[in-house]
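What follows is a set of notes on a single structure, which appears directly below.
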Amino acid sequence: MTVKTRFAPSPTGYLHVGGARTALFSWLHARKHGGKFVLRIEDTDLERSTQASINAILEGMTWLGLVYDEGPFYQTHRFDRYDEVIDDLLARGLAYRCNCTKERIETLREEQMQRKEKPRYDGHCRGGAVTAGEPHVIRFRNPPDGSVMVDDLVRGRVVFSNDELDDLIIRRTDGSPTYNLTVVVDDLDMGINIVIRGDDHLNNTPRQINILMALGAEPPHYAHVPMILGDDGSRLSKRHGAVSVMEYRNQGILPEALLNYLVRLGWSHGDQEIFSLDEMVELFDISNVNKAASAFNNEKLLWLNQHYIKQDDPARIARLLSPHMGELGIDPASGPDLVAVVAAQQERARTLVEMAAISAFFYQDYDDFEPAAAKKNLKAAAREPLEHLRSALAGIPEWEPEGLHQLVKDVAMQLDLKLGKVAQPLRVAVVGRAASPGIDVTLHLVGREACLRRIDRALEYIQERTQES
RNA sequence: GCUCCCUUCGUCUAGUGGUUAGGACACUGGCCUCUCACGCCGGUAACAGGGGUUCGAAUCCCCUAGGGAGCGCCA
């Protein structure tokens with residue numbers, strides 16, 4: 001039997017990292033076993049589902065490269081099928097109409113709570129007296145005794161007693177089906193043989209198994225993966241920073257870095273930290289997934305992102321960096337080759353946003369000197385080296401890194417200064433800050449004209465500064 | 001309240017009766033060095049607590065504590 005997994009988000013928000021990891025695990029499991037991965041949109045809640053959320057989920061899946069083999073299927077397109085199943089259950093006495101008022105249920109709840117019992121429906125309408133003509137919901141007739149065993153691939157065996165379960169609503173008064181019914185029917189119809197989902201669904205599983213049995217179907221395998229918490233161990237939310245997958249793209253995270261980070265959350269393979277997609281597919285095993293929730297650590301994500309930025313082809317990084325340069329109002333075509341800039345900055349940025357920020361000076365004059373850098377490097381003692389450098393740079397015939405490197409060294413030697421005493425003022429003059437790639441590469445990419453202009457500006461700055469004091 | 005689940009460095013994790021409890025991120029000392037970064041070498045830091053079982057327990061059992069989920073005409 002070929003393995004078939006699914007990811008079934010409800011479109012009531014963006015694709016967040018928890019959902020993305022569940023999707024990743026499902027996708028990996030399918031790929032590893034040469035199976036199929038299905039995307040299903042659980043949009044039966046007409047109130048909260050939005051097209052914007054659907055688009056956001058699809059966009060997130062695409063960005064991550066979690067390609068689905070079937071779907072997206074929409075539950076709202078399948079209402080006829082759910083009706084068929086519900087009617088069948090009703091006809092066979094496995095479901096019944098209920099016209100209990102919300103008030104009655106509420107009172108029942110309160111009484112049960114007072115008696116320190118678990119609140120649940122008491123089966124008041126089980127007798128079948130409610131007619132089709134009056135407003136009603138349909139409830140599933142849960143087995144009154146016995147127990148349900150869930151043989152979970154990550155949790156192990158979990159047993160639920162049927163008397164803990166009540167007769168859940170499977171069709172609302174307005175005629176629409178509810179989650180526990182649709183999920184069961186869909187997984188059955190779509191041939192899903194392993195359900196990988198968040199562990200907030202573990203408690204629903206026995207109910208779903210009971211419905212499945214009423215339909216005469218064999219339950220699929222289940223794997224309930226733990227949830228992802230925020231940095232501080234509390235439930236992940238917006239205040240922890242990005243939760244939406246697309247937000248990570250905006251922050252300059254590479255999809256392979258996010259994927260690598262997510263796969264290591266709750267799963268590991270010995271001491272290995274870096275996994276290519278192929279390695280994940282080969283090594284991932286759903287039954288090795290941890291049971292405990294894990295906290296999302298942005299620092300480690302950043303480390304992985306830097307790793308992938310360092311390792312990737314500069315041309316690809318340049319392509320991905322370009323829009324982030326645009327965000328800063330820079331057209332990369334207006335200056336040095338962006339691929340060369342990436343090659344120079346590749347080891348210096350944890351995100352593409354960072355890389356754009358530290359690369360702006362290649363394309364436009366900086367606004368102001370970074371105060372601390374200017375204070376330390378652009379003082380009176382820097383005037384002479386800068387003047388020497390300026391005239392040497394103005395006269396150098398070839399504007400290439402090798403010659404430029406030699407030039408800076410020569411000036412230092414002539415003035416009997418350590419290289420740092422010459423290169424560092426030059427760096428601050430040219431880039432406005434104390435950090436940049438090697439001085440030779442930096443000069444080369446900035447270009448002669450801009451270098452001379454900026455050195456003049458630094459000399460003026462030193463002039464003003466020495467006059468003041 | 002009831003049911004179910006979880007618990008190794010700050011964080012992610014390795015570990016399946018005998019280990020100086022390993023790795024990674026972060027933090028930190030040093031090296032490299034024109035800056036930053038990269039890289040390299042080193043350091044701090046954990047078995048939630050208590051009982052058992054056993055010659056021996058992070059590993060098996062029980063209890064306690066803490067955390068989480070569910071108990072919707074949400075999914």
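Order of the sequence lines sets the chain letters (A, B, ...), proteins ahead of strands, with each chain counted from 1.
- Legend: residues meeting side-chain contact (heavy atoms from CB on, under 4.5 Å) with A:His444, ordered by chain and number and at least two apart, are A:Trp399, A:Glu400, A:Pro401, A:Leu404.
- Contact check on A:Asp187 versus A:Arg40 returns a salt bridge, with a Lys/Arg side-chain nitrogen under 4.0 Å from an Asp/Glu carboxylate oxygen.
- Rounded to whole angstrom, the span from the CG atom of A:Asn290 across to the C1' atom of B:U16 amounts to 14 Å.
- When both distances must be under 3.5 Å, the Watson-Crick or G-U wobble mate of B:A57 does not exist.
- Checking B:C2, B:U13, B:A75 against every side-chain atom of A:Ser294, the shortest atom distance belongs to B:U13.
- In this entry the distance linking CD of A:Glu42 with C1' of B:A75 reads 7 Å, nearest Å.
- No donor-acceptor contact under 3.5 Å links the side chain of A:Arg155 to the base of B:C5.
- Summarising the geometry, the separation between CG on A:Asn298 and P on B:U11 is reported as 16 Å, rounded to the nearest angstrom.
- The base of B:C73 sits with one of its N or O atoms less than 3.5 Å from a complementary donor or acceptor on the side chain of A:Thr173.
- Distances from the side chain of A:Gln75 to the nucleotides B:G39, B:A75, B:U35 place B:A75 closest.
- Sorted pairs that involve residues 130-144 of chain A and meet salt bridge (Lys or Arg N to Asp or Glu O under 4.0 Å), not counting sequence neighbours, are lacking altogether.
- For the pair A:Arg348 CZ and B:G39 P, the interatomic distance rounds to 12 Å; values are reported in whole Å.
- A salt bridge links A:Asp199 and A:Arg155; the closest N-O separation between the charged side-chain nitrogens and carboxylate oxygens is under 4.0 Å.
- A donor-acceptor contact under 3.5 Å is not formed by the side chain of A:Asp200 with the base of B:A75.
- Residue whose closest nucleotide on RNA chain B sits further toward the 5' end, between A:Gln424 and A:Arg115: A:Arg115.
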Restricting both atoms to N or O, compile the protein contacts to nucleotides 20-30 of chain B shorter than 3.5 Å, with distance only.
unit_1, atom_1, unit_2, atom_2, d
B:G22, N2, A:Asp271, OD1, 3.0
B:G23, N2, A:Arg264, NH2, 3.4
B:G23, N2, A:Glu273, OE2, 3.1
B:A24, O4', A:Glu273, OE2, 3.3
B:C25, OP1, A:Trp303, NE1, 3.4
B:C25, O2', A:Lys300, N, 3.3

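- Aromatic rings of A:Tyr96 and A:His136 (six-membered ring for Trp) have centroids beyond the 6.0 Å cut-off, not under it.
- Distance from the side chain of A:Lys118 is smallest for B:G1 among the nucleotides B:G1, B:A75, B:U35.
- Partners of A:His307 according to the side-chain contact (heavy atoms from CB on, under 4.5 Å) rule, which considers only residues two or more places apart in sequence or in another chain, are A:Ile274, A:Gln311.
- Nucleotide B:A24: paired with B:U11 (Watson-Crick or G-U wobble, both distances less than 3.5 Å).
- Put simply, CZ on A:Arg109 is 13 Å from P on B:G70, counting in whole angstrom units.
- Listed nucleotides: B:C34, B:A75, B:C6. Nearest to the side chain of A:Lys291: B:C6.
- Residue pairs meeting the side chain to side chain donor-acceptor pair (under 3.5 Å) criterion with at least one member in residues 351-360 of chain A, sequence neighbours excluded, are A:Gln345-A:Ser359.
- Set against B:C34, B:A69, B:U35, the side chain of A:Ile439 has B:C34 as its closest nucleotide.
- Of the candidates B:U35, B:G1, B:U13, B:G1 carries the atom nearest the A:Lys116 side chain, counting heavy atoms from C-beta on.
- Taking A:Glu299 as the reference, A:Asn297, A:Arg350 meet the side-chain contact (heavy atoms from CB on, under 4.5 Å) condition, with sequence neighbours excluded.
- Each of A:Gly420 and A:Leu202 was assigned the nucleotide of RNA chain B with the nearest heavy atom; the assignment lying further toward the 5' end belongs to A:Leu202.
- The CZ atom of A:Arg120 sits 15 Å away from the P atom of B:C73 (whole-angstrom rounding).
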Taking distance alone, no hydrogens or angles, what donor-acceptor pairs closer than 3.5 Å link side-chain atoms of residues 415-424 of chain A to residues at least two apart or in another chain?
unit_1, atom_1, unit_2, atom_2, d
A:Gln424, OE1, A:Arg427, NH1, 2.8
A:Gln424, NE2, A:Ala434, O, 3.0

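- Distance A:Lys310 NZ to B:C36 C1': 14 Å, rounded to the nearest Å.
- In the set B:C73, B:C36, B:A69, B:C73 carries the atom at the smallest distance from any side-chain atom of A:Lys102.
- For the ring-ring contact (aromatic ring centres under 6.0 Å, His included) test, residues two or more places apart in sequence or in another chain that qualify with A:Phe284 are A:Phe25, A:Trp267.
- Here the nucleotide nearest the side chain of A:Glu164, chosen from B:C34, B:C71, B:U3, is B:U3.
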With 3.5 Å as the limit, what N/O pairs link the protein to nucleotides 57-65 of chain B?
none

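- Note: A:Tyr261 and A:Phe296 have perpendicular aromatic rings, judged against thresholds of 30 and 60 degrees for the angle between ring planes.
- Look at B:C40: its Watson-Crick or wobble partner, with both distances under 3.5 angstrom, is B:G30.
- The partner of B:C2 is B:G70, by the rule that a Watson-Crick or G-U pair needs both atom distances under 3.5 Å.
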